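Each chain gets a letter, A, B and so on, in the order the sequences are listed, and its residues count up from 1. This structure is a prediction, so every number in the text was calculated from the model and none was measured.
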Amino acid sequence: MNDAVQPNHPESPRAEPVRYDFAGAEPRWQAAWTGRGCFDAPDVPDGSKPKYYVLEMFPYPSGKIHMGHVRNYTLGDVVARYKRARGHQVMHPMGWDAFGLPAENAARERGVHPAAWTYQNIATMRAELQRMGLSIEWAREFATCDPSYYGQQQKIFLEFMKAGLAERKESWVNWDPVDNTVLANEQVIDGRGWRSGALVEKKKLSQWFLSITKFAPELLSALDGLDRWPERVRLMQANWIGRSEGARVRFALATPAAGMDEVEVFTTRPDTLFGMSFLAVAAEHPLAAAAAAANPAIAAFITEVRSLGTSEATIEQAEKRGIDTGLRVAHPFIEGVTFPVWIANFVLMEYGTGAIFGCPSGDQRDLDFARKYGLPVPPVILPPGGDPATFAIGDTAYTDDGQLYNSGFLDGLDMAAGKRAAIAALEAKGAGNGVVNWRLRDWGVSRQRYWGCPIPVIHCEACGTQPVPAGQLPVILPDDVDFKKPGNPLDNHPTWKHVACPQCGSAARRETDTFDTFVDSSWYFARVTAPRAETPLVAEAANGWLPVDQYIGGIEHAILHLLYSRFFTRALNGLGKLGTAEPFAGLFTQGMVQHASFRAPDGRWLAPDEVEPTAEGGATERATGLAVTVSRNDKMSKSKRNTIDPGAIIDRYGADTARWFILADNPPERDMEWTESGVSGASRFTQRLFRLVSASVGGLPLPGTAPAEGAGRDLRRVTHRTIAAVTEALETFSFNVAVARIHEFANAIEAAGAQDAAARREALEAIARLISPMMPHLAEELWSLLRPDEKMLVAQLAWLDSNASLAAADSVTLAVQVLGKLRTTLAIPIGTDEATVFALAEADENVQRAIAGRPIRKRIHVPGRIVNFVV
RNA sequence: GCGGACGUGGCGGAACGGUAGACGCAGCAGACUUAAAAUCUGGUUCCCCCCGGGGAGUGCGGGUUCGAAUCCCGCCGUCCGCACCA
């Protein structure tokens, strides 16, 4: 039997210091947990206990774990261990988000195959995570690059296709010229690729899109129900989905162009239609192309605008530029009047219809544009108290509410009524209608990369795009690829893409694009409930475990990954594959782990072990003795050489110490600074606890000995109060407070001494168990010292209950104020009647001095807290 | 520009509207050491004071309240997200 509970009676205390041998103990307890299957979850929750699914975002196997991982997985492990002890059936899995560009870059730079590189990294990182003592059920582990995973993903995609949720369409896409691939909108940050940092270009390509926009209304409205999500993440998603109410308005072209006889515009301000001065279209708009074909100056303008691209938006913001196409449109409400059609650089093809009507008096951008090109600025909204005869627009558009004028049938209405009336009139004339517009766009998932999940379709010239037949799935990535040539290695492969059309049998071409890796991470949380199944999901398992009760990860995924996962879950729900519509009931976003960085006078970055701290809080370089620039709270990065290797920390201090420090330092949602002094402080505490227990066991009564009635009362009170306080702190993610309470508890146990041995045993056993979610190995070690014959591990025990009557105080310290200022404190027995409390308080000499003979006008007593005299 | 969060000792931070600064880090003093490390003890918001104590204090200015770090209004600052979104 693999029973790690070993008799470990320390000898009676000797002079030599006892030290906790974490290096020996930690692997021993890890083996004990695994040996007993402490962390195994049933395939389907069996209903004997409430289920609880704890999930931390799967790591990308980049090489080694970093401190951000340590923090993330420690937080999750505290929750998992705590919930298990609270009687939940807990699912706590781990795996790898394993497709992605770094593997391909490694292949190009070092000639390692992406698969070999990835699986090697996984092996390294798995071993590192296992050293942390996480309560993970490793049997469920998988990597998204396993064919057994991505093959199932291909099935889901084909289901999406069948359901009309995936389609191939030609569109303007974001092209990353460094990574040579398309990027989703969400992956373009400040006009640059999220990974390469290269300026993104606009290209027109045929791509696969997932219809996330079909779910825009529910993705937005369901945010309200996610009450265990951080408010700011919900706001970010709401902004990203971007609902706005307005109208589509069709303007008839005076002369048809580009096969069109009208231009459609989206506006949120149909009330200001009478303030129109011009119509403007985006450079990518079909009308712009038509105008360019006839006029080289226009063609040159378009080329110029496009070359600036979205990336220059910030710089270009001030400057509105445009060119008149010569085309004119009729106004829907004003007979016989036409307006010019311009191409303008501030009109975006990807929002609304790619065309706007310009109302300079009511929109700052339109006003800037009109002023620059000398277009008219007719005012249509009169501010409250304004004089219609004299009101004029200067350099600032009037965007607030007011009364419509110069607006025909809208005259006299306010903004809201004007909008309603204008929309009604447009609909009556057939010139437009009220609509809700969404900022969210469909998710382009095609990537021109090798190391991703192949998109399972075949292109046949005769039959069109065909799904790969079920019998030919999974479409496996070929191993023999050449990374020397530029471009997509799958496309360059000599044979892989040549296949027969499943429909007609003639020569056809396999799709060589792979999926965006965010597809892989959009359903892994469901797959892990049945990771080896022959179907993507097993309904009983997925529906039994989902939604994830507590999801934990970085705020950087606030939009991308979380929105895509919500979409996938809703789509699978709609297809009847999942019983839940939201994947993550609770979300916690942790802060970053930072570290001071050090820079020598000549600009070299120095590693922490190359500098010596000075008394003033600065530092000098060890090798040269020169002062270095210290900047605190820098994100850990290889270039600044301020990374701390978790493996080295565990070697030196043990996993429990690393976990304890990371939890103790500050609230988990904030950024934390990793400090050497902080870790050594945590290390001191682990040793102190071990000394406390090992030095005490000799004098304790047998396990199970109840303290005599009334004995050791003060210590027992602290014990039961601490149990309540730590429980409360763990429930609310206040892990730093839980740590502080345990510190206080340890101080109190030491201060109490050995007066009542049974109460001391109770306290020591409690502290051993209270630390267990945070320092699981030390908890087991202490428990085995205290209960050498106990068969159950702490990991198998139920959480402690606080006994309310033992926790109750029999006297309280009451603060006594005069006019809200503290004058003294009084120790008052619980249950003292109010009149006595007032009398005692009033009799105090400090209180008397503060009252200074004045009559007391009011006496306030909050039992157990405060007395306040108002004079 | 729009939206959001946050400002508490030297530092990280604690505080159902009720004794501000728990707990830790750092530094200071002392004990144990030949010495150091380790460990233990004490004090550490600022100012005044002989003890007892008194005054000020949670970014700034107002307000509500017997009582405000906490609630409300207005500033200032820091950080984050979105950003030519029609």
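Comparing B:C80, B:G53, B:G18 against the side chain of A:N846 picks out B:G53 as the nearest. Distances from the side chain of A:Q817 to the nucleotides B:U39, B:U19, B:G81 place B:U19 closest. In the set B:G13, B:C40, B:C25, B:C25 carries the atom at the smallest distance from any side-chain atom of A:S677. Of the candidates B:U39, B:A15, B:A86, B:U39 carries the atom nearest the A:R684 side chain, counting heavy atoms from C-beta on. Picking from B:U19, B:C40, B:G12 the nucleotide with the shortest atom distance to the side chain of A:I866 gives B:U19. The side chain of A:Y351 sits closest to B:C85 out of B:C84, B:G18, B:C85. When the nucleotides B:U19, B:A22, B:C85 are ranked by their closest atom to the side chain of A:R741, B:A22 comes out on top. Listed nucleotides: B:A14, B:A83, B:G81. Nearest to the side chain of A:W240: B:A83.
A:T675 comes within contact range of no nucleotide atom at all, as no heavy-atom separation falls under 4.0 Å. Contact annotation for A:V347: base contact, defined as any heavy-atom pair under 4.0 Å involving a base atom. At a threshold of 4.0 angstrom between heavy atoms, the contacts of A:R248 with the nucleic acid are absent. Heavy atoms of A:T825 sit under 4.0 angstrom from at least one base atom. Among the protein residues, A:V862 comes within range of the nucleic acid bases, having at least one heavy atom under 4.0 Å from a base atom. A:I860 comes within 4.0 angstrom of a base, heavy atoms only.
Phosphate contact (OP1/OP2 of B:G12, side-chain N/O of A:N736, threshold under 4.0 Å): absent. Within the structure, a side-chain polar atom (N or O) of A:R439 is placed less than 4.0 Å from OP1 or OP2 of B:A83. Contact between the side-chain N/O atoms of A:K821 and the OP1/OP2 oxygens of B:A68 is not found at any separation under 4.0 Å. Phosphate proximity of B:G24 to A:N747: present, with a side-chain N or O under 4.0 Å from OP1 or OP2. Within the 4.0 Å cut-off from OP1 or OP2 of B:G52, not a single side-chain nitrogen or oxygen of A:R849 is found. Residue A:R857 has no polar side-chain atom (N or O) positioned under 4.0 Å from OP1 or OP2 of B:C66. OP1 and OP2 of B:G67 both lie 4.0 Å or more from every side-chain N or O belonging to A:R865. Between A:R823 and B:G52 there is no side-chain polar atom (N or O) within less than 4.0 angstrom of OP1 or OP2.
For the C1' atoms, the distance from B:C60 to B:C6 is 16 Å, rounded to whole Å. Of the P atoms belonging to B:A14 and B:G7, the separation is 9 Å, rounded to the nearest Å. A gap of 11 Å separates the C1' atoms of B:A38 and B:U33, to the nearest Å. Nucleotides B:U8 and B:U58 are separated by 11 Å at their P atoms, to the nearest Å. Look at the P atom in both B:C75 and B:G1: the space between them is 13 Å, to the nearest Å. For the C1' atom pair drawn from B:G17 and B:U70, the interatomic distance equals 7 Å after rounding to whole Å. Taking atom C1' on both nucleotides, B:G67 is separated from B:A15 by 16 Å, rounded to a whole Å. With C1' as the reference atom, B:C49 and B:A56 are 15 Å apart, rounded to whole Å.
Look at CZ on A:R854: it is 14 Å from C1' on B:C66, rounded to the nearest Å. Between the CG atom of A:D671 and the P atom of B:C80 there is a distance of 9 Å, rounded to whole Å. Here the P atom of nucleotide B:A5 and the CE atom of A:M236 are 14 Å apart, to the nearest Å.
Base pairing annotation: B:G24 forms a Watson-Crick or G-U wobble pair with B:C11, both donor-acceptor distances under 3.5 Å.
Not less than 6.0 angstrom separates the ring centroid of A:F357 from the ring centroid of A:F339.
A salt bridge does not link A:R691 with A:E750: none of the charged nitrogens is closer than 4.0 Å to a carboxylate oxygen. Under a 4.0 Å N-O distance rule, the pair A:D368/A:R365 does not qualify as a salt bridge.
B:G53 adopts an anti glycosidic conformation, its chi angle falling more than 90° from 0. In B:G21 the base sits anti relative to the sugar, since the glycosidic angle is further than 90° from 0.
None of A:S277, A:P376, A:P379 except one satisfies the side-chain contact (heavy atoms from CB on, under 4.5 Å) rule with A:P360; the exception is A:S277. For the side-chain contact (heavy atoms from CB on, under 4.5 Å) with A:I356, the lone residue among A:D366, A:T267, A:L348 that qualifies is A:D366.
In this pair, A:F838 and A:H861 present their aromatic rings perpendicular. The plane angle is above 60°, beyond the 30 to 60° band.
With hydrogens and angles ignored, the 3.5 Å screen pairs no side-chain donor or acceptor of A:Q848 with any backbone N or O of A:A843. Under a 3.5 Å cut-off, the side chain of A:Q364 and the backbone N or O of A:A397 do form a donor-acceptor pair.
Each of A:E744 and A:E231 was matched to the nucleotide of RNA chain B holding its nearest heavy atom; the match closer to the 5' end belongs to A:E231. Sequence order on RNA chain B of the closest nucleotides to A:V739 and A:F869 puts A:V739 first from the 5' end.
Under 3.5 Å, the side chain of A:N868 and the base of B:C66 form at least one donor-acceptor pair of N or O atoms.
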